[in-house]
Amino acid sequence: MSGGHTLATEIEGLVGECESLLGQASSFEALEALRVEFLGRKGRLAAVMSRLPGLEPEERRQAGAAANKVKDTLGALYLKRQDALARQAETAMLAAFDATLPGRAPAAGSLHPITIVTGEICTVFRELGFDVVTGPEIETDFYNFEALNFPPEHPARDMQDTLYITDATLLRTHTSPLQIRTLESTAPPVAAVAPGKVYRRDSDLTHSPMFHQIEGFLVDREVSMADLRGVLTYFLHAIFGRDTRVRFRPSFFPFTEPSAEADISCVICAGSGHAGTDTCRVCKGTGWVEILGCGMIDPNVLAAVNLDPEEYSGFAFGLGVERVAMLKYGIGDLRLFFENDVRFLAQFA
Ligand code: PHE
């Protein structure tokens with residue numbers, strides 16, 4: 001008949017040839033090579049189609065229709081083979097993978113002992129109705145010293161003791177600025193604890209330039225030293241156990257009057273002062289260890305936050321969290337808290 005018919009036949013023949021080659025293509029690379037060979041811009045189909053313009057109209061129509069059909073068919077065959085290869089690869093991967101192997105357990109971390117003890121202390125006070133408040137570690141002289149009744153020449157203000165940032169700003173040396181900040185913004189009755197980092201120019205075996213304190217204070221009408229003793233004794237029993245004895249000794253702080261320090265019976269030797277035949281090293285044989293500073297808020301401090309000392313009174317206390325943690329867990333070296341050796345930390349999991 002005609003060359004057009006021949007060409008259409010030739011075109012249709014590409015399907016069978018390509019299909020059998022695709023069946024043998026065992027990699028994505030081989031598959032891609034076949035796509036280029038048959039369907040590429042200079043491929044076999046393109047080569048046949050380049051002969052179309054020389055044909056009679058009827059033949060051209062037939063051959064063109066055949067070419068379009070073959071193009072679609074080859075495209076579909078190509079995608080089918082690609083899909084099969086992808087599934088083969090996945091099956092091979094799953095076969096190489098032992099689904100019965102036990103998983104690797106993620107290593108569970110633990111809270112740092114300072115975080116644990118801070119949480120326990122705040123919980124005791126929250127249960128008594130205290131709020132938990134926080135404030136900036138970079139403070140001004142006013143909040144850290146002046147409003148707390150430190151005289152201008154007080155030694156704590158010295159460059160030797162305090163880490164200054166500028167003439168006007170410093171790293172807070174205690175959490176007591178939270179007394180001022182809280183009382184400035186909240187009218188009595190106020191009861192709050194304020195945990196946080198504090199900084200001092202001090203570093204040796206028993207002193208760290210950064211450590212943690214918790215401040216506590218309660219201001220209302222008719223607050224007395226009896227309230228201070230009752231609350232702090234309850235708190236110390238909650239943390240160290242009901243058998244712990246508590247005593248208050250007179251002391252001095254610029255921001256409290258009268259001031260005291262609270263001692264607890266030594267938790268290491270149970271107040272006996274000795275360990276076997278030796279002297280207890282923690283209480284140095286006294287049977288007591290100092291645990292916090294406290295007192296009735298000085299009238300000058302109340303005045304600094306515009307409270308009338310004739311109308312309001314309050315108590316305040318401050319304690320070192322590292323010290324509480326050392327006594328509670330029997331930790332002998334302050335540096336362990338800052339080295340973050342996981343063998344130490346994992347014991348608190
Ligand atoms: N701010 C004191 C200190 O850092 C502790 C303290 C707080 C004492 C509140 C009395 C009342 O040592």
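All values reported here derive from a predicted model rather than from experimental measurement. Order of appearance sets the numbers: ligands from 1, and atoms from 1 within every ligand. Hydrogens, waters and symmetry mates play no part in the numbers below; they use all other heavy atoms, side chains included.
- Remark: Arg181 is positioned above the aromatic ring of Tyr143, its terminal NZ or CZ atom under 6.0 angstrom from the ring centre and at most 45 degrees off the axis.
- For Cys294, every heavy-atom contact with ligand 1 shorter than 4.0 Å involves the backbone, none the side chain.
- Between Arg157 and the options Thr173, Asp141, Asn144, a side-chain hydrogen bond (donor to acceptor under 3.5 Å, both in side chains) holds for only Asp141.
- For atom 2 (C) of ligand 1, the closest non-hydrogen atom on the protein side is Phe255 CZ, 3.6 Å.
- Residues Phe253 and His174 keep their aromatic ring centres 6.0 Å or farther apart.
- Given atom 12 (O) of ligand 1, the protein heavy atom at minimum distance is Arg200 NH2, 3.8 Å.
- Atom CG of Asp243 sits in a sparse spot, with 12 or fewer heavy atoms from other residues, nucleotides or ligands closer than 6.0 Å.
- On a distance-only criterion, Gln213 and ligand 1 share at least one N/O pair closer than 3.5 Å.
- At under 3.5 Å, not a single nitrogen or oxygen of Gln179, backbone or side chain, sits near a nitrogen or oxygen of ligand 1.
- Heavy atoms of Phe217 come nearer than 4.0 angstrom to ligand 1 in no pair at all.
- Inclusion of Glu215 in the set of residues having an N or O under 3.5 Å from an N or O of ligand 1 is not warranted.
- For the ligand labelled ligand 1, residue Arg172 lies outside the 4.0 Å heavy-atom shell.
- Checked against a 6.0 Å centroid threshold, the rings of Phe125 and Phe317 count as neighbours.
- With respect to atom 5 (C) of ligand 1, the closest heavy atom belonging to the protein is Gly318 CA, 4.0 Å.
- At under 3.5 Å, not a single nitrogen or oxygen of Thr256, backbone or side chain, sits near a nitrogen or oxygen of ligand 1.
- Environment of NZ in Lys71: sparse, with no more than 12 heavy atoms of neighbouring residues, nucleotides or ligands closer than 6.0 Å.
- The residue Glu261 has no part lying near ligand 1, judged by heavy-atom distances below 4.0 Å.
- Taking a cut-off of under 4.0 Å to the non-hydrogen atoms of Ser176, the atoms of ligand 1 that pass are 1 (N), 7 (C).
- A chain of hydrophobic side-chain contacts below 4.5 Å, direct or via other Ile, Leu, Val, Met, Phe, Trp or Tyr residues, connects Ile264 to Val321.
- Close approach of ligand 1 to Ala316 (heavy-atom distance below 4.0 Å) involves ligand atoms 9 (C), 11 (C).
- One finds the CD atom of Gln179 at 12.5 Å from the CD atom of Glu184 (value rounded to the nearest 0.5 Å).
- Between Lys69 and Asp72 the shortest side-chain heavy-atom distance does not fall below 4.5 Å.
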